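Here the structure comes first, spelled out in structure tokens, and everything after it is commentary.
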Number of protein chains: 2
Amino acid sequence: MNNQNYNGIRSFIAVSKCGSFTLAAEETGLSKAVLSQQLSALEKELEVQLMHRTTRKLRLTELGEVYLAKCQQGFKELELAKDWVTQASTALAGPIKINMVGGVIGEQMLAPLLIQFQQNHPEIELSINFSSHQVDLLASQFDLVIRMGTLADSSLVGRHLINITTRYVAAPEFLNKHQAIQHPQDLNQVPLIYGSVNKWLFKQGKQGNIQEQQVKASKGLQVANGEVMCQAALAGLGVARLADVYVAKYLASGELFEVLPQWQEITPLTLLCPPSQYQLERIRVLMNFLINNIPNRYEQLLQMK
Amino acid sequence: MNNQNYNGIRSFIAVSKCGSFTLAAEETGLSKAVLSQQLSALEKELEVQLMHRTTRKLRLTELGEVYLAKCQQGFKELELAKDWVTQASTALAGPIKINMVGGVIGEQMLAPLLIQFQQNHPEIELSINFSSHQVDLLASQFDLVIRMGTLADSSLVGRHLINITTRYVAAPEFLNKHQAIQHPQDLNQVPLIYGSVNKWLFKQGKQGNIQEQQVKASKGLQVANGEVMCQAALAGLGVARLADVYVAKYLASGELFEVLPQWQEITPLTLLCPPSQYQLERIRVLMNFLINNIPNRYEQLLQMK
DNA sequence: AATCACTGTTTAGTAATAGTTAACAATAAG
DNA sequence: CTTATTGTTAACTATTACTAAACAGTGATT
């Protein structure tokens, strides 16, 4: 990959096409002087005469004829490369890899929207992965990641989608059997239903005056699945810590009741993408689609019976 | 044929190959700063992210991957074009078109040398044309022209090959029948054998003191062929004006005698080529071959019996 | 968890070259 | 022979390619 006199070659091509320096100068918007200089420089580099020239007539040498064709070929490839890139970057087509949280959020809230998006843009090839753990967007090949909570990873650009309220719920039968729960520490006395996190951190108050309480779950049922936790709570097995999307309809129907409502936790749902200065159009479109539709979809889910 | 950021593309290719800016900097001999700048500039122009980069890891985007391949292809073509040119210009192969004088000079002196040259370089494709009139080397496609006399055409570069002596000769029988010829004007009294030129111009003396004599041939035989003129002279038809290559052996054997030896004319044989600053190697080689061998060949011809 | 070595980026300044204008030389046409 | 037009040259300017050094993240080491 050696240095080449690209300007010289361009001048050569232009002059050859036009058959005259003066015409080529008009065509390219350059002065005829520079065309002459650059062509001379090219010939000097190649140590070859590419054109015979009088003040009136130009004629390519045999070498020039072939060299011209080959160079035009090369430049055409480069031009096609550029065209391809701009086309590919602006087209609503091609692959988008998404990694997102599972559970009701992923399956009930996000997936239907993505399916709809895929239907709207059949040229786009959506591929969806579920996982909750941290993903290195640079190392892995995901274009978008949707996560619960505010992520520490600074190499990602995050956009807030919605706030999800985490509630503490129990069945009325259960509440009748136990003492009223009025403080987080009261949870130490009753069976709990918990998922992957067994340390429940309670925060309350504005910044500067934050009360913290911690409860370590041990008694009760551990099951890493929101749906099953929900079923367990409905069966009166204990107090469960669940996002409102799981429990909204049961709270509405009275099948579950909320305890410690003043200790509700608010967790943001965040859309993350690699810090690309130049985003592909298809990804930009999907991001906007998600940002515009997820809030409504969230409301729908909460009101679903 | 739009402007493209060739340096940007080159930097992109180099960094992609090396997998690191620092390595690519060493490889290319540029500073890593300029690689970074140029790649950024390229991305800005394309409005596309070609590479994801951390301080530790580089990874091509999907777009970058394809763009890289396409650009490499394009550059490869350009490189091949250059390689082809240098190869073609230095190789002893390819066509050489020659236009040269006919007659004994062309057929007996030059042609055998050219045949020998063609045998020495079978990859070269020699093509030979005979003619005496002026040829525009630029308009026609001749690489070399061999002509008698010093040509006025300034657009050609001439190299002196040999001096050919033109003599006035007659058979001894003829000379016995006529008065002694001691001055050009004496030729008006005897039959002459002449070719295409029927005005014989005689010059004598150094510059500044030149004597000129002109004789217009009319009586005698006109035949535009040196060989036939020679035969006519041998048959005693008259005084012929012939290059020494035609008559040398007859002068040696006494079959012909020279008249007016002090009025001998010396005509240079000249090798002409287009004013190419960069000569193809094969043409340079042929020119040297001719320049080196024609004098010997000329001597050979003169001594031939 | 803090340091360290290394990476890519930024900035400011310099060297190189791509570019222009105007005068010039050469050629074909009137 | 003159004229109009072409390609080349020369002197100069604007642009850009490039460098060096300070900077700021990142990942491994301890």
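Throughout, a chain's letter reflects where its sequence line sits, starting with A, and its residues are numbered from 1. Treat the numbers as computed from the prediction; the structure is a model and nothing was measured.
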For atom CG of B:Leu35 and atom C1' of C:dG8, their distance in whole Å: 11 Å

Atom-pair distance (NZ on A:Lys32; P on C:dG19), nearest Å: 17 Å

Test: B:Lys17 and B:Glu27 ion pair at under 4.0 Å: no

A:Lys57 NZ - D:dT6 P separation (whole Å): 15 Å

Side chain to side chain, A:Arg241 and A:Thr166, heavy atoms closer than 4.5 Å: yes

Touch class at under 4.0 angstrom, heavy-atom based, for B:Gly19 against every strand present: nothing

Atom-to-atom span, CG of A:Leu58 to P of C:dA26 - whole angstrom: 17 Å

Parallel, tilted or perpendicular: ring planes of A:Tyr6 versus B:Tyr6, cut at 30 and 60 degrees: parallel

B:Arg53 side chain vs B:Leu58 backbone, donor-acceptor pair below 3.5 Å: no

What pairs of nitrogen or oxygen atoms, one from the protein and one from nucleotides 10-12 of chain D, lie under 3.5 Å apart?
none

Touch class at under 4.0 angstrom, heavy-atom based, for A:Thr22 against every strand present: sugar-phosphate

Backbone N/O of A:Gln49 and side chain of A:Thr61: donor-acceptor pair under 3.5 Å: yes

N or O in side chain of B:Gln38 less than 4.0 angstrom from D:dT16 OP1/OP2: no

Heavy-atom pair with the smallest gap, counting every atom of B:Thr270 and B:Gly158: CG2-CA, 4.0 Å

Whole-Å gap separating P (C:dC6) and CG (B:Leu23): 13 Å

Flag if over 12 foreign heavy atoms under 6.0 Å of CD, B:Glu47: no

Minimal non-hydrogen separation, A:Gln213 against A:Trp263, with atom names: CG-CH2, 3.9 Å

Ionic contact status for B:Arg284 with B:Glu281, cut-off 4.0 Å: yes

Euclidean distance, atom CG of residue B:Asn7 to atom C1' of C:dT17 [Å, nearest integer]: 11 Å

Flag side-chain contact, heavy atom, 4.5 Å: A:Leu187 against A:Phe202: yes

Sugar-phosphate only, base, or nothing, as touched by A:Gly8 at under 4.0 Å among non-hydrogen atoms: nothing

Distance test, side-chain N/O of A:Arg53 to OP1/OP2 of C:dA26, below 4.0 Å: no

Touch class at under 4.0 angstrom, heavy-atom based, for B:Leu30 against every strand present: sugar-phosphate

A:Ile9 CD1 to C:dA18 P, straight-line distance once rounded to whole Å: 12 Å

Any residue of residues 39-51 of chain B with a heavy atom less than 4.0 Å from an atom of DNA chain C: none

B:Ser36 side chain near C:dT10 phosphate (N/O to OP1/OP2, under 4.0 Å): no

Length of the line joining A:Phe21:CZ and C:dA25:C1', which is rounded to integer Å: 15 Å

